[in-house]
Amino acid sequence: MDWREEPAVSPQSGFFLQSRAGQTGNFEVVIPWPDGGLAHYWRDNEHPALPWHGPALFAQGKRYIAASLTESDYTTFLSSPLNNLEVIATREDGGLEHWWRENGEALVWSSAGTIFNGATGAPALVYPGAIFAEGFLDIDLDAHEPVESYVVTPLSDGGFELFSSWSLERLTSMGTPDPKESRFSQVLPDRKIVGVGIALTTLHNSSVKASWKGMREMYPALRGDIIVAAVSDQGALNLYVHGSKPTGAFPYARGWNSGLTITQPTEFGHVLRPFRGRPCLLQSDYGLDEESWFFDSGHFGNLELMAPGKDGGILHFWKDNGEKKGSGDELSLGWSFASKVGSSQYDEVSFIQSNFGDADHGPLEMIARRGEQKGFDFYWRDNGFVWHGPIAVVSDKSSTGTVAQPLSPTEPSDGLVFTAWENIGRERAVGTLHGVEVSVEGPGIGGVTDGTFTLFASPYFSPPLPASDAVSLTSLAGSSFHLRFGVPVRDVVLHLASVASKITFPPGTAVTRVSGDPTFSLSGTTATGVVAGSLDSGGTLRIPGAVTDLAFTADPVFANGPDGFYIQVGAWPQ
């Protein structure tokens with residue numbers, strides 16, 4: 001079974017996933033680009049600074065409402081350890097398209113055509129993972145069994161369709177539940193759907209296993225309930241369950257069998273329609289306890305449900321699914337409101353449970369965005385159930401590269417302090433940072449010590465400093481500089497302004513370009529600016545980890561030099 005063993009949760013859906021790329025697995029995001037086409041971002045989870053890269057634009061020339069992303073077991077290049085990425089996207093004219101990205105060479109995106117017409121709103125795609133037969137010594141790659149994928153999309157004339165497929169090009173409709181039927185009496189009758197989410201769960205599966213991995217390994221054809229979350233244009237969030245529905249003639253028949261309206265609790269009662277946009281849900285491994293055959297019946301993992309709120313923020317609910325042989329797995333039982341995450345008003349949300357850390361449960365990681373946003377906001381929840389963010393991953397340009405982001409993807413900016421420079425000589429400047437001495441040594445030093453320097457106030461610096469101290473350095477061919485801290489500091493931040501030099505750090509130094517103007521670049525350990533008038537280039541670099549001593553050289557990019565540039569130094573306390 002070709003599926004990530006950790007975490008043991010339901011397959012990912014939405015427009016955000018953790019792929020097989022790298023030892024840890026990179027984060028991948030695909031969103032509609034406001035200027036047309038689709039945009040792919042990815043986060044390098046092997047790098048200590050966890051930098052986001054993108055956008056890589058494709059499908060340009062068309063306009064899309066929303067997209068959904070998965071990683072399949074298909075491979076274009078057998079020598080690559082990666083797998084193809086698959087995307088479905090809803091065009092403004094109602095066409096539901098399939099795109100895929102090859103797993104090697106130039107990582108080219110290709111169109112597989114329109115698979116459905118009459119769609120609207122935000123769709124969802126989920127892929128349960130490939131199944132391979134075992135050979136004499138190992139997996140037999142020639143014995144790949146067909147795997148049923150699932151696509152759910154709102155319809156332009158109301159309601160939604162759930163499709164199953166052996167490949168995305170061959171769809172078989174599984175229909176739409178009718179809210180007028182008695183088993184959906186709790187579900188509000190709103191017909192216009194703006195966004196959907198889907199979860200493949202282990203609920204009501206016919207094995208003794210409670211986890212997704214355990215159920216599939218025991219017998220690959222087994223499946224539990226499919227749950228669809230649908231948000232209406234009136235703000236209702238309804239859940240529909242497609243699962244086992246046996247009859248005398250068809251003991252293994254499946255169909256729609258229950259529904260539920262999610263409400264928002266307040267001190268005055270419950271709000272029936274507090275939602276907007278695209279929801280997302282999955283079955284996590286919180287609460288999961290596999291059956292031991294003799295002593296207990298096992299416990300299902302919780303359902304996690306998130307949706308944007310009309311009044312801002314992301315509303316997070318969870319459901320205790322109870323024991324494998326109990327009644328807690330009924331749709332209406334076990335629900336709790338967890339929290340409101342963030343305060344901005346969003347149009348769509350997608351979240352996963354990642355494999356970061358060594359705790360019993362991987363953290364929840366979430367992407368939220370507005371439709372016109374060239375990028376997205378990133379949130380994550382730690383093991384203490386505390387949410388961090390928003391971390392804005394935004395792009396003003398349409399070229400591929402490292403996107404602007406905050407200084408630390410895992411920490412708020414609280415505690416970040418910049419140096420108060422106090423004594424500046426011709427070859428050494430001394431200041432105070434976190435109450436201890438910091439110094440920079442090198443040729444041609446000057447600067448400002450009265451807090452009136454304003455070049456770092458530009459939005460190209462993260463964070464901007466409306467007025468601060470600064471040290472000026474002089475760059476000649478091969479000029480060397482040395483930055484020293486009295487005690488170790490954490491995650492050094494360098495603001496560099498008016499740079500027309502190549503600034504190079506020692507080999508092996510982990511350097512990240514946090515932000516900067518379009519002419520300020522980083523390649524390996526060398527940051528480069530260009531001559532651009534009176535101010536030249538500028539931006540922010542970050543050196544993660546504990547730092548007590550940092551050396552670098554500077555060489556002008558123009559003949560005959562010298563080049564004068566400015567630096568300000570910040571850090572978190574160790």
Query - Steps toward side-chain hydrogen bond (donor to acceptor under 3.5 Å, both in side chains) verdict (D382, H388) - result: CA-CA 8 Å; D382 63 26; H388 300 262; 2.9 Å; yes

Report task. Run the numbers on N84 and T76 for side-chain hydrogen bond (donor to acceptor under 3.5 Å, both in side chains), then give the verdict. Result -> CA-CA 7 Å; N84 292 350; T76 308; 3.2 Å; yes

**Report entry** Stepwise side-chain hydrogen bond (donor to acceptor under 3.5 Å, both in side chains) check, Q18 with S354
**Finding:** CA-CA 7 Å; Q18 185 173 15; S354 76; 4.6 Å; no

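Side-chain contact between I115 and F163 is absent, with no heavy-atom pair separated by less than 4.5 Å. In this structure the side chain of Q12 never reaches within 4.5 angstrom of the side chain of L282, judged on heavy atoms. Looking at V228 and H242, their side chains never come closer than 4.5 Å, going by heavy atoms from C-beta outward. Side-chain contact between R91 and T114: present, with at least one pair of heavy atoms (C-beta onward) separated by less than 4.5 Å. Residues S515 and Y460 have side chains not in contact (no heavy-atom distance under 4.5 Å, counting atoms from C-beta outward).
Without hydrogens or angle criteria, S258 side chain to V241 main chain gives no donor-acceptor distance under 3.5 Å. Panel note: side chain N302, backbone S284; no donor-acceptor pair is recorded below 3.5 Å. Formation of a donor-acceptor pair under 3.5 Å by the E348 side chain with backbone atoms of A122 is not found in this model. Using a distance-only test at 3.5 Å, with no hydrogens or angles considered, no donor-acceptor pair links the side chain of T70 to the main chain of E86. For the pair S13 (side chain) and V126 (backbone), a donor-acceptor distance under 3.5 Å is absent. Remark: side-chain polar atoms of R513 are paired, donor with acceptor, to backbone N or O of F520 under 3.5 angstrom. A distance-only check finds no donor-acceptor pair linking the side chain of E28 to the backbone of H40 [under 3.5 Å]. For the pair T202 (side chain) and A210 (backbone), a donor-acceptor distance under 3.5 Å is present.
Using a cut-off of 4.0 Å between Lys/Arg side-chain N and Asp/Glu carboxylate O, K374 and D35 are scored as salt-bridged. Using a 4.0 Å cut-off between charged nitrogen and carboxylate oxygen, D190 and R273 count as a salt-bridge pair. Salt-bridge check for R278 with D347: failed, with every basic side-chain N at 4.0 Å or more from each acidic carboxylate O.
You'll find the ring centres of W100 and Y74 outside the 6.0 Å limit. Side-chain rings of W52 and F376 approach one another, their centers coming within less than 6.0 Å.
Under a cutoff of 6.0 Å and an axis angle of 45°, R369 and Y41 do not form a cation-pi pair.
Defined by atom type and a distance below 3.5 Å, a donor-acceptor pair is missing between the side-chain atoms of S19 and E71.
With values rounded to the nearest 0.5 angstrom, I262 atom CD1 is found 8.5 Å from N238 atom CG. Distance OG1/T512 to CG/L522: 7.5 Å, rounded to 0.5 Å.
The two atoms that bring I65 and P32 nearest to each other are O-CG, 3.5 Å, heavy atoms only.
Between F27 and F16, the two ring planes are perpendicular [angle over 60°; tilted spans 30° to 60°]. The aromatic rings of F351 and H316 lie tilted to each other, with the angle between the two planes from 30° to 60°.
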